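All values derive from a computational prediction rather than experimental measurement.
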2 protein chains.
Amino acid sequence: MHDEHPLAQDLGFLLSRASGVFAKTASEALSPLGLRVRSYSVLAFASEVETGVTQRRLAELMGLDPSQVVALVDELEGNGLVRRVTDPNDRRSKLVSATSEGTRVRSEGGRRIAEAQSGIMADVKPETQVELNALLRQLVFPDE
Amino acid sequence: MHDEHPLAQDLGFLLSRASGVFAKTASEALSPLGLRVRSYSVLAFASEVETGVTQRRLAELMGLDPSQVVALVDELEGNGLVRRVTDPNDRRSKLVSATSEGTRVRSEGGRRIAEAQSGIMADVKPETQVELNALLRQLVFPDE
DNA sequence: TAACATTGATTGATATCGTCAATTATTGAC
DNA sequence: GTCAATAATTGACGATATCAATCAATGTTA
């Protein structure tokens, strides 16, 4: 085992690079749908719950500044993929939910991404993939 | 085990978020040195080999467009942390190498990052960390 | 050797992303 | 009823990603 790279041990560096590999693949897979990776993520969260998700929660889930969520939802709403309604229980919040068209596009996007990325982890044992998934989830969402 | 998040299974999403956690930590750790994460990475690679690294190679290692490397090296050179000399064997290439000051700053940066990130993986078994490292390396540098 | 394609570095343009400060509307607490 | 806290929004600015075009040097080939 050689480690000529000084950053080969640097987990942050490796995560960033690995993330880039996936992001690039996903980006190309989504491009025909007119979606970016970010937009797709928002759409996916908005598709999950019938009643919708607040933008505050979206920012939290995605690790974004709330102001970025505004722009993302603006765009998706403009394309008719999500709707944004004031939460009747708290009129400060807006509930973002997918339209039927949004739900359809989200599914299509999910399929495309899965297909495009299927090769990346092909050499990795399934149980290792499961372990990796659990590890990252614990790291990203420690409270859940 | 509940997975309320639609993207909880999405490895690309998790990698991106995890990468963000590390990047933010590293960024704060490096800020007192006047370095960004990217600059530090370039400096680290430039510190590794006495003779220096070509910018082409830097772009490849870091997954960047060559034009981004130009700006990064410009900045580091301006701060006296690296030097850039024409490769005598191929006058198209520039060899980037760390100055003595650059080597010192790189060490200091490495220490700061390690300290700042020590807590993040504290709950993860050492052998799992090793496995994760190997997995990501294989994914990012499949040919090495 | 002269013509041509390729490569490495560079510049510039454009779109996206990250971070912060400030504002407005609404809610909660005292 | 006043005041602090919260959710969304806008605007600004620097950082990042991507791409096209240029220039100098090298490699290829007729």
Side-chain angles (χ1 to χ4, degrees), chain A residues 12-13 16-17 19-28 30-31 34-42 45-46 52-78 82-97, chain B residues 12-13 16-17 19-28 30-31 34-42 45-46 52-78 82-97:
Chain A
F13 176 77
S16 167
R17 293 282 279 109
S19 164
V21 171
F22 276 83
K24 181 154 191 166
T25 306
S27 177
E28 290 165 358
L30 292 174
S31 149
L35 286 177
R36 281 163 294 121
V37 177
R38 280 292 168 71
S39 328
Y40 169 76
S41 295
V42 169
F45 283 116
V53 193
T54 69
Q55 299 185 189
R56 179 77 191 76
R57 177 73 178 142
L58 280 174
E60 192 175 280
L61 287 166
M62 299 181 59
L64 300 179
D65 188 273
S67 62
Q68 295 180 268
V69 177
V70 173
L72 288 166
V73 174
D74 278 351
E75 185 192 338
L76 289 170
E77 192 181 34
V82 304
R83 67 188 134 253
R84 173 159 43 183
V85 302
T86 301
D87 183 348
N89 297 326
D90 183 344
R91 298 178 42 75
R92 290 171 300 184
S93 298
K94 305 283 178 66
L95 292 169
V96 180
S97 57
Chain B
F13 176 77
S16 167
R17 292 284 278 106
S19 165
V21 171
F22 276 82
K24 181 154 191 168
T25 305
S27 177
E28 290 166 356
L30 290 173
S31 148
L35 286 178
R36 281 163 294 123
V37 178
R38 280 293 167 72
S39 328
Y40 169 77
S41 295
V42 169
F45 283 116
V53 192
T54 69
Q55 298 185 191
R56 180 78 191 76
R57 177 74 176 141
L58 279 173
E60 193 175 278
L61 286 166
M62 298 180 60
L64 299 178
D65 188 275
S67 62
Q68 295 181 268
V69 177
V70 172
L72 288 166
V73 174
D74 277 351
E75 185 191 339
L76 289 170
E77 191 181 35
V82 304
R83 69 188 132 252
R84 172 160 41 183
V85 302
T86 300
D87 183 348
N89 297 326
D90 184 343
R91 297 178 42 75
R92 288 171 301 186
S93 298
K94 304 285 178 64
L95 291 169
V96 180
S97 57

A:L72 CG to C:dT16 P, straight-line distance once rounded to whole Å: 11 Å
Nearest whole angstrom, please: distance from the P of D:dA15 to the CG of B:L35. 13 Å
Closest to the 5' end of DNA chain D, once A:S93 and B:P88 are matched to their nearest nucleotides, is A:S93
A:E60 CD - D:dA8 P separation (whole Å): 11 Å
Considering every strand and a 4.0 Å limit on heavy-atom distances, what is the contact class for B:S67: base, sugar-phosphate, or nothing? base
Less than 4.0 angstrom between a side-chain N/O of B:R36 and OP1 or OP2 of D:dT16, yes or no? yes
What's the closest nucleotide to the B:R92 side chain, out of D:dT18, C:dT6, C:dT27? C:dT6
Select one nucleotide: of D:dA25, C:dT26, D:dT9, the one nearest the side-chain heavy atoms of A:D90. C:dT26
Taking atom P of C:dG8 as reference, at what distance in whole Å does atom CG of B:N89 sit? 14 Å
Looking only at atom types and distance, does a side-chain atom of A:Q68 sit under 3.5 Å from a main-chain N or O of A:D65, one as donor and one as acceptor? yes
So, B:R91 versus B:T86: side-chain donor-acceptor pair below 3.5 Å or not? no
Would you say the rings of B:F45 and B:Y40 are close, in the sense that their centroids are separated by under 6.0 Å? no
Just to confirm, is there a sub-4.0 Å distance from OP1 or OP2 of C:dT10 to any side-chain nitrogen or oxygen of B:Q55? yes
Residue B:D65, side-chain heavy atoms: nucleotide from D:dA7, D:dT18, C:dT19 that is nearest: D:dT18
Separation of D:dT9 C1' from A:L58 CG (nearest whole Å): 15 Å
Phosphate oxygens OP1/OP2 of D:dT9: is one of them under 4.0 Å from a side-chain N or O of A:K94? yes
Could you pull out the closest heavy-atom pair between B:L30 and B:R36, with the gap in Å? CD1-O, 3.8 Å
Compare the minimum distances between each of D:dA25, C:dA9, C:dT26 and the side chain of B:R91, then state the nucleotide with the smallest one. D:dA25
Output the rounded distance in Å from CG (B:L30) to C1' (D:dA15). 15 Å
In whole angstrom, give the distance that lies between atom CD of B:E77 and atom C1' of C:dA9. 13 Å
At under 4.0 Å, does any side-chain N or O of A:Q68 touch on OP1 or OP2 of C:dG18? yes
Separation of atom CD in B:E28 from atom C1' in C:dG18, rounded to whole Å: 13 Å
Across the strands shown, which category fits A:D87 at heavy-atom distances under 4.0 angstrom: base, sugar-phosphate, nothing? nothing
Tell me whether the side-chain N/O atoms of B:R38 come closer than 4.0 Å to OP1 or OP2 in D:dA17. yes
Look at B:R92 together with B:D87 and state whether they make a salt bridge at an N to O cut-off of under 4.0 Å. no
side-chain contact (heavy atoms from CB on, under 4.5 Å) partner of B:V73, the single match among B:V70, B:L76, B:V69: B:V69
Taking for each residue the nucleotide of DNA chain C with the nearest heavy atom, is it B:V73 or A:G63 whose nucleotide lies nearer the 5' end? B:V73
Any B:R84 side-chain nitrogen or oxygen under 4.0 Å from OP1 or OP2 of C:dT10: yes
